[in-house]
Amino acid sequence: MKILPRSFYSRDTIKVAKDLLGKTLIRKIGNKTISGIITETEAYRYKDDPASHAYGGMTERNKVMFGQVGIAYVYFTYGMHYCVNAVAKSDQYDAGAVLIRALKPKESVKTMIKNRNTNVISNLTNGPAKLTQAMTITKKQYGEDLSKKSNLYITEGLKVNKITANQRIGIKNGVNKRWNFKIEI
DNA sequence: GCAGAGATCAGCT
DNA sequence: GCTGATCTCTGCC
């Protein structure tokens with residue numbers, strides 16, 4: 001399966017969010033491969049998006065959002081959860097990222113079951129903090145290059161026919177933007 | 001099946 | 001000091 005090139009991420013954040021649906025997120029741990037199909041994403045932009053971490057400027061936490069595209073932005077929140085984003089933006093913006101909200105488990109489902117401490121498949125990776133736990137994604141993957149073979153990267157995947165757009169979840173500002181995208185598999 | 005509490009870090013309208 | 005791009009467990013309010 002072909003790895004998505006850096007140019008894929010060098011487009012408008014919203015386009016990239018839609019195009020990431022159906023792609024495959026791959027996590028390598030030693031010689032083990034954990035993977036899943038991306039089924040839900042959210043776009044977070046910059047100054048026109050009050051819900052974005054980048055709105056308000058660069059901080060220690062979000063600085064990769066201002067850097068090179070195709071990089072993983074992992075952040076820690078609510079005192080106990082990690083979430084993954086892919087840095088993506090067009091040249092018009094200084095910052096932007098796509099939050100990966102849900103996956104459909106593909107390889108090493110057994111490992112995910114162990115990591116998540118549940119055997120309900122549908123509950124394994126159906127939330128942003130759940131999929132990071134299932135794939136053991138932590139601060140160590142902060143800044144990982146998603147456009148080349150590393151411990152964490154994204155490849156081509158399924159063909160997608162229907163994408164639904166919704167309001168983003170769990171935010172207070174910018175709820176009028178429908179930048180949450182989903183597919184049914 | 002749903003509401004509420006708790007976990008406890010980083011950043012600050 | 002409070003609030004959040006969250007999840008899990010509890011108890012039936």
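Numbers restart at 1 for each chain; the letters A, B, ... are given by sequence-line order, proteins then strands.
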Taking [atom1] in [X] as the centre, count heavy atoms belonging to other residues, nucleotides or ligands within less than 6.0 Å. Is the count above 12?
X	atom1	answer
A/Tyr142	OH	yes
A/Lys23	NZ	yes
A/Asn176	CG	yes

Next item on the list: For A/Leu99, answer base if it contacts any base atom (sugar-phosphate contacts may also be present), sugar-phosphate if it contacts only those atoms, and nothing otherwise; contact means non-hydrogen atoms under 4.0 Å.
Entry: base
Margin query: Classify A/Arg168 by what it touches in the nucleic acid, base, sugar-phosphate, or nothing, heavy-atom distance under 4.0 Å.
Written below: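 No contact at all - A/Arg168 keeps every heavy atom at 4.0 Å or more from the nucleic acid.
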Item checked: Minimal non-hydrogen separation, A/Asp12 against A/Arg45, with atom names -> OD1-NH1, 3.1 Å
Check: Which heavy atom of A/Thr77 sits nearest a heavy atom of A/Cys83, and at what distance?
Finding: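 Closest pair (atom of A/Thr77, atom of A/Cys83, distance): CG2-SG, 4.5 Å.
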Notebook entry, point to check: Has the side chain of A/Tyr75 got a donor or acceptor atom sitting under 3.5 Å from an opposite partner on the base of C/dA5?
Noted result: yes
Gap between atoms [atom1] and [atom2], on [X] and [N] respectively (whole Å):
X	N	atom1	atom2	answer
A/Ile14	C/dA5	CD1	P	18 Å
A/Lys172	C/dT6	NZ	C1'	15 Å
A/Tyr142	B/dA10	OH	P	12 Å
A/Tyr73	B/dA10	OH	P	12 Å
A/Met80	B/dA5	CE	P	17 Å
A/Met112	C/dC7	CE	P	16 Å
A/Asn173	B/dT13	CG	P	11 Å
A/Tyr82	B/dC9	OH	P	10 Å

Margin query: Between B/dC2 and C/dA5, how many Å separate the two P atoms, rounded to a whole number?
Written below: 24 Å
Checklist line | Separation of the C1' atoms in C/dC13 and B/dA5, to the nearest angstrom | finding: 13 Å
Note to self: Could you write out DNA chain B as dot-bracket? Rules: Watson-Crick or G-U wobble, both distances under 3.5 Å, brackets [ ] for crossings, | for pairs with another strand, dot for unpaired.
What the structure shows: |||||||.||||.
Next item on the list: For A/Tyr78 and for A/Lys139, locate the closest nucleotide of DNA chain B by heavy-atom distance; then report the residue assigned to the nucleotide nearer the 5' terminus.
Entry: A/Tyr78
Item checked: Charged tip of A/Arg6 within 45° of A/Phe8 ring normal and under 6.0 Å -> no
Next item on the list: Ignoring backbone atoms, establish whether A/Lys130 has a side-chain N or O less than 4.0 Å from OP1 or OP2 of C/dT6.
Entry: no
Checklist line | A/Arg116 side-chain N/O to C/dC7 phosphate OP1/OP2 under 4.0 Å | finding: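 So the side chain of A/Arg116 is outside the cut-off, no N or O lying under 4.0 Å from OP1 or OP2 of C/dC7.
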Next item on the list: Can you sort out which residues in residues 39-71 of chain A have a heavy atom within less than 4.0 Å of DNA chain B? Ascending by number, please.
Entry: A/Thr59, A/Glu60, A/Arg61
Notebook entry, point to check: Hey, are the side chains of A/Glu156 and A/Leu4 touching, using non-hydrogen atoms and a 4.5 Å cut-off?
Noted result: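 A/Glu156 reaches A/Leu4 side chain to side chain.
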Item checked: Transitive ILVMFWY side-chain link A/Leu124 to A/Tyr82, under 4.5 Å -> yes
Margin query: Test of understanding: with side-chain contact (heavy atoms from CB on, under 4.5 Å), list the residues that count as partners of A/Ala51, not counting sequence neighbours.
Written below: A/Tyr44, A/Asp49, A/Arg168, A/Ile171
Margin query: Using ring centroids (six-membered ring only for Trp), state whether A/Phe66 and A/Tyr46 fall under 6.0 Å.
Written below: yes
Margin query: Of the listed nucleotides (C/dT6, C/dG4, B/dC9), which one gets closest to any side-chain atom of A/Phe76?
Written below: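 The answer is B/dC9, which lies nearest to the side chain.
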